[in-house]
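Step one of this worksheet: look at the structure below.
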Amino acid sequence: MHSRLRPLLALAAALMMTACASSAPPGTGLLRPQAAYLPAAALQLCPAPPPAPGPEVDDVAAALMDMYGLYGQCAALHADLVRALEGRP
């Protein structure tokens with residue numbers, strides 16, 4: 001009886017070992033997108049803020065308006081990057 005069982009066990013072990021060897025390795029995290037697929041604008045850093053203005057209220061208001069413009073540019077870059085990563089045009 002053992003002589004009939006031994007080849008079956010060897011065949012089962014061989015099939016299990018080949019199944020493990022041919023399977024894909026487990027994923028370790030998110031895949032990084034290739035830079036070639038991202039829009040060029042999405043690969044740029046946000047613009048640097050301007051230096052602090054003088055003590056005058058008008059200077060502070062003008063600098064605040066400039067900061068709003070820089071925020072809009074940075075938000076647009078971020079939105080482009082998110083759309084590119086999600087695969088949307």
Side-chain angles (χ1 to χ4, degrees):
M1 176 129 182
H2 286 288
S3 63
R4 291 174 128 184
L5 188 59
R6 187 169 289 172
L8 288 174
L9 289 175
L11 178 64
L15 289 176
M16 283 191 284
M17 288 177 16
T18 59
C20 292
S22 64
S23 64
T28 58
L30 296 175
L31 297 176
R32 297 183 73 186
Q34 298 294 329
Y37 298 120
L38 296 176
L43 300 175
Q44 297 176 2
L45 295 175
C46 292
E56 297 296 320
V57 174
D58 291 338
D59 294 337
V60 172
L64 185 60
M65 291 302 295
D66 291 341
M67 289 295 290
Y68 287 149
L70 290 176
Y71 171 78
Q73 291 175 5
C74 191
L77 290 175
H78 179 72
D80 288 343
L81 179 61
V82 169
R83 279 194 292 275
L85 292 175
E86 289 178 348
R88 293 185 288 156

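- Scored by the side-chain contact (heavy atoms from CB on, under 4.5 Å) test, Leu77 finds Ala41 as partners (sequence neighbours excluded).
- The hydrophobic cluster around Val60 extends to none of the other residues, as no ILVMFWY side-chain heavy atom falls under 4.5 Å of it.
- Through chains of ILVMFWY side-chain contacts below 4.5 Å, Met65 is grouped with Leu64, Tyr68.
- Using a 4.5 Å cut-off between side-chain heavy atoms of Ile, Leu, Val, Met, Phe, Trp and Tyr, Leu45 forms no hydrophobic cluster with any other residue.
- The side chain to side chain donor-acceptor pair (under 3.5 Å) analysis of residues 69-81, with sequence neighbours excluded, yields the pairs Asp80-Arg83.
- Residue pairs satisfying the salt bridge (Lys or Arg N to Asp or Glu O under 4.0 Å) criterion with at least one member in residues 56-76, sequence neighbours excluded, are absent.
- Under a 4.5 Å side-chain heavy-atom cut-off, the cluster of Ile, Leu, Val, Met, Phe, Trp and Tyr residues that includes Leu70 is completed by Met67.
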